[in-house]
Undergrad: 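For reference, the structure I am asking about is given below.
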Number of protein chains: 2
Amino acid sequence: MSNRKSSPKKKQRVTINDVARAAGVSNATVSRVLSEYEFVKESTRNRVMEAVERLGYVPNLQARSLASGHSQIIGLLVPNLDNSYIGTITQGIDQELAHSNYDVMLYTSHRHPGKESYYVDAFANGLTEGLLLIAPLVPAAYLDTLRAQNIPYILIDQADAAESSNVVEATNWQGAYEATRYLCELGHTRIAFITGWLGVQSAIDRLEGYKAALTDGAIPIREELVIQGDYQQQTGYEITQKLLQSVDPPPTAIFASNDLSAFGAMDAAREAGLAIPDDLSILGFDDIPQASFVYPKLTTVRQPLELMGQVAVKMLLEQIEDRSLPPQRVALATQLVIRDSCRRIDPTE
Amino acid sequence: MSNRKSSPKKKQRVTINDVARAAGVSNATVSRVLSEYEFVKESTRNRVMEAVERLGYVPNLQARSLASGHSQIIGLLVPNLDNSYIGTITQGIDQELAHSNYDVMLYTSHRHPGKESYYVDAFANGLTEGLLLIAPLVPAAYLDTLRAQNIPYILIDQADAAESSNVVEATNWQGAYEATRYLCELGHTRIAFITGWLGVQSAIDRLEGYKAALTDGAIPIREELVIQGDYQQQTGYEITQKLLQSVDPPPTAIFASNDLSAFGAMDAAREAGLAIPDDLSILGFDDIPQASFVYPKLTTVRQPLELMGQVAVKMLLEQIEDRSLPPQRVALATQLVIRDSCRRIDPTE
DNA sequence: CTGAAAGCGCTAACAA
DNA sequence: TTGTTAGCGCTTTCAG
């Protein structure tokens with residue numbers, strides 16, 4: 001008989017009822033103690049905590065969410081994870097989350113390329129209380145459903161047309177304007193521009209900033225110097241190769257829409273036998289960590305990536321708490337970081 | 001009366017019962033259809049699917065896991081996300097996961113530094129069916145509990161002493177040996193070594209490989225050339241600065257335990273006015289994407305990071321399916337990738 | 001081949 | 001201050 005209850009092999013999970021029994025209270029009381037409900041007698045609380053301790057009880061999350069309607073989980077949708085642009089933003093997200101009780105589900109959009117509906121389902125399944133979308137993604141594929149399901153979401157570094165989206169971005173236009181301006185002031189007149197993926201607004205804004213600065217500097221915009229990229233290093237490399245071969249006279253400066261593209265450009269330039277910045281100035285956008293570690297150190301427009309992540313989390317949690325909050329858009333200031341990849345040239349060159 | 005049911009504002013979620021009612025069957029039947037149970041009459045199945053479609057029904061994940069005991073979620077625990085070492089592994093994880101029905105929860109160990117217990121709870125809460133741990137982490141803090149809870153886990157790029165751990169790693173010893181050997185063959189005799197964080201076995205293995213190669217090359221091991229690092233770029237930078245100042249005669253080559261440290265070393269060397277590889281050869285470990293984009297391109301020991309991620313997922317899913325599987329350890333081959341950061345020197349130099 | 005019914009572990013009124 | 005009682009939405013016997 002006695003060996004019945006001593007069987008330790010029962011790997012059954014400890015439930016709230018076990019704790020309740022052990023503490024001689026009802027499960028409701030245990031629940032109250034665990035959710036830090038105020039009106040529980042000190043002694044009862046102690047008894048419960050002791051039992052929790054002793055049994056090694058850990059609440060079951062799905063049961064809790066099912067009953068309460070809150071999962072305390074947010075989703076993070078990213079195109080991929082192989083560059084530190086995303087990584088840095090995520091760092092910020094993470095920091096902010098440390099102050100909260102939320103955890104994060106990771107969704108990568110390339111896991112099911114073209115299967116946006118898969119994700120839409122995943123978001124709608126109730127697991128996730130809100131969503132952080134980091135650019136560059138094709139938001140249109142998700143956003144309608146998200147709105148229909150009334151799931152709060154924040155777009156990071158990419159605006160969309162709908163008024164109802166929350167977005168955290170940087171002052172892309174201004175950043176690009178200022179950077180281009182800087183290049184002009186260094187005497188450059190043949191400034192090529194490698195765009196980002198033009199499916200997102202931020203890429204368009206950067207392009208517009210570039211154009212505006214040229215116009216203000218009385219430099220004609222030459223379409224053959226504006227090439228469509230996609231934020232990938234490899235593409236930056238290929239574009240630059242082509243640019244250097246086919247445009248005559250060649251540009252004296254290249255402004256890339258993100259640092260990764262700029263790295264690609266540097267590489268192509270070097271392969272073409274051009275010294276940076278002596279033969280060619282290169283300027284990036286983002287200021288990811290490697291920007292200060294490549295050689296020469298990359299002059300770039302800093303986006304406050306970490307801060308963007310933090311702000312996004314803050315906004316999202318607010319929206320989750322109070323669904324009636326009006327949508328917000330915040331644009332954080334960019335800053336030109338002058339390092340070693342651009343040099344002054346004689347205008348007559 | 002009629003306006004009662006036309007009220008479209010009821011933002012209540014569509015449940016399985018709604019579908020059942022709409023299709024004129026029981027919820028059990030809907031469940032069967034959705035879980036692709038074989039023995040459902042064709043016509044019934046169609047009716048159900050039609051209703052699912054029409055109502056836009058998406059199953060609630062927590063309810064499903066609660067009832068079934070399976071969440072179809074695995075956890076990914078990483079130290080951080082700001083470098084592409086983790087990113088590349090994650091890429092592999094992701095690819096493999098694309099074939100499965102599992103999603104991933106992301107836990108970063110620096111979110112709650114020192115609060116390992118927080119994570120242990122998070123893992124034990126039933127949300128996660130298994131765990132992928134990417135180095136460098138302090139596994140001891142988790143593993144006991146994981147084992148006690150019988151949660152399957154895989155250590156990536158870090159072994160631990162316990163026989164019972166599943167691990168996916170690379171041939172660290174051999175990789176380091178071969179690389180050091182290469183440096184010797186280039187004529188180097190003063191080869192400094194920047195270790196990784198010695199809390200993980202892989203870092204120790206690399207150190208041992210380095211030492212063994214020196215010994216085999218009849219080169220004495222000089223302790224002042226072996227400096228303890230931690231896999232961070234910044235640390236690699238600081239160590240190299242010190243190394244170049246304080247050791248006389250200075251090393252002619254530096255072998256860093258990971259690429260990030262190697263980048264730091266390159267930077268310090270350059271600041272000290274040394275040309276790479278002319279004045280100093282530098283060799284890394286990992287072959288993260290940037291390795292081929294820094295200047296000069298980094299010679300390094302390639303770890304099959306993506307593959308490691310894929311294999312880890314495969315192993316984990318197997319373990320989840322069948323908890324009784326014996327623990328496995330697989331070591332994937334490394335490969336020396338010779339690029340431009342090392343050069344032959346005259347032994348008399 | 002399908003339905004009824006009993007939970008999974010927890011929360012949240014409602015009583016007491 | 002605490003217990004009782006319904007569920008949350010789904011899966012899974014067990015009958016039929």
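Note that the structure is a prediction, hence the values are computed from the model and not measured. Proteins get letters first, then strands, A, B, ... in listed order; numbering begins at 1 in each.
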Undergrad: Figure out the CG/C1' separation between A/L66 and D/dT11, and round it to whole Å.
TA: 12 Å

Undergrad: When you measure from the side chain of A/T29 to the backbone of A/V25, do you find a donor-acceptor pair of N or O atoms at a distance under 3.5 Å?
TA: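 Side chain of A/T29 to backbone of A/V25, a donor-acceptor pair under 3.5 Å: no, none is there.
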
Undergrad: Is there a donor-acceptor contact under 3.5 Å linking the side chains of A/Q62 and B/S65?
TA: yes

Undergrad: Below 6.0 angstrom between ring centroids: does that apply to A/Y153 and A/F123?
TA: no

Undergrad: Roughly how many Å is it from CZ in B/R64 to P in D/dC8, rounded to a whole number?
TA: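 Rounded to the whole Å, the gap is 18 Å.
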
Undergrad: Taking side chain to side chain contact (heavy atoms under 4.5 Å, CB included) as the criterion, tell me which of B/I73, B/L106, B/L127, B/V104 meets it with A/M105.
TA: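 For A/M105, the side chain to side chain contact (heavy atoms under 4.5 Å, CB included) test succeeds with only one of B/I73, B/L106, B/L127, B/V104, which is B/I73.
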
Undergrad: I want to check one thing: is the phosphate of C/dT11, taken as OP1 and OP2, less than 4.0 Å away from some side-chain N or O of A/S31?
TA: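 Yes.
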
Undergrad: Quickly work out the A/N17 CG to C/dG7 C1' distance and round it to whole Å.
TA: 12 Å

Undergrad: Take A/E318 and A/K314, measure what salt bridge (Lys or Arg N to Asp or Glu O under 4.0 Å) needs, and give me the verdict at the end.
TA: CA-CA 6 Å; A/E318 281 174 20; A/K314 245 180 254 176; over 6 Å; no

Undergrad: Pick one: which of A/I86, A/L133, A/I93 meets side chain to side chain contact (heavy atoms under 4.5 Å, CB included) with A/I156?
TA: A/I93

Undergrad: Output the residues of residues 48-63 of chain B in contact with DNA chain D, where contact means a heavy atom of the residue under 4.0 Å from an atom of the strand; sort by number or write none.
TA: B/Y57, B/P59, B/N60, B/A63

Undergrad: Rounded to whole Å, how long is the line connecting atom CG of A/D18 with atom C1' of C/dC8?
TA: 13 Å

Undergrad: Take a 6.0 Å sphere around CD of B/E321 and say whether it holds more than 12 heavy atoms from other residues, nucleotides or ligands.
TA: yes

Undergrad: Taking the side chain as every heavy atom from C-beta outward, state whether A/I89 and A/E306 have any pair of such atoms under 4.5 Å apart.
TA: no

Undergrad: Side-chain donor-acceptor pair under 3.5 Å between A/T108 and B/D94, yes or no?
TA: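 Side chains of A/T108 and B/D94: pair found under 3.5 Å.
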
Undergrad: For the helix from C/dC1-D/dG16 to C/dA16-D/dT1, what angle lies between the axis at the first five pairs and the axis at the last five pairs, to 10 degrees?
TA: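 That helix has its two terminal axes inclined by roughly 30°.
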
Undergrad: Tell me: CD of B/Q72 to P of D/dT11, nearest whole Å?
TA: 11 Å

Undergrad: Taking C-beta and beyond as the side chain, do B/S100 and B/L317 meet within less than 4.5 Å on heavy atoms?
TA: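 SC-SC contact between B/S100 and B/L317 confirmed.
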
Undergrad: Say whether B/N166 and B/Q319, considering side chains only, have a donor N or O and an acceptor N or O under 3.5 Å apart.
TA: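 Judged by distance alone, the side chains do pair up.
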
Undergrad: Please enumerate all protein N or O atoms sitting under 3.5 Å from an N or O of nucleotides 1-5 of chain C, with distances to 0.1 Å.
TA:
residue, atom, partner, partner atom, Å
C/dT2, OP1, B/T44, OG1, 2.1
C/dT2, OP2, B/K41, N, 2.8
C/dG3, OP2, B/S26, N, 3.1
C/dG3, OP2, B/S26, OG, 3.3
C/dG3, OP2, B/T29, OG1, 2.6
C/dG3, N7, B/R32, NH1, 3.3
C/dG3, N7, B/R32, NH2, 3.4
C/dG3, O6, B/R32, NH2, 2.2

Undergrad: Please report, rounded to the nearest Å, how far the C1' atom of D/dG3 is from the CD1 atom of A/I16.
TA: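 After rounding, the reported distance stands at 13 Å.
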
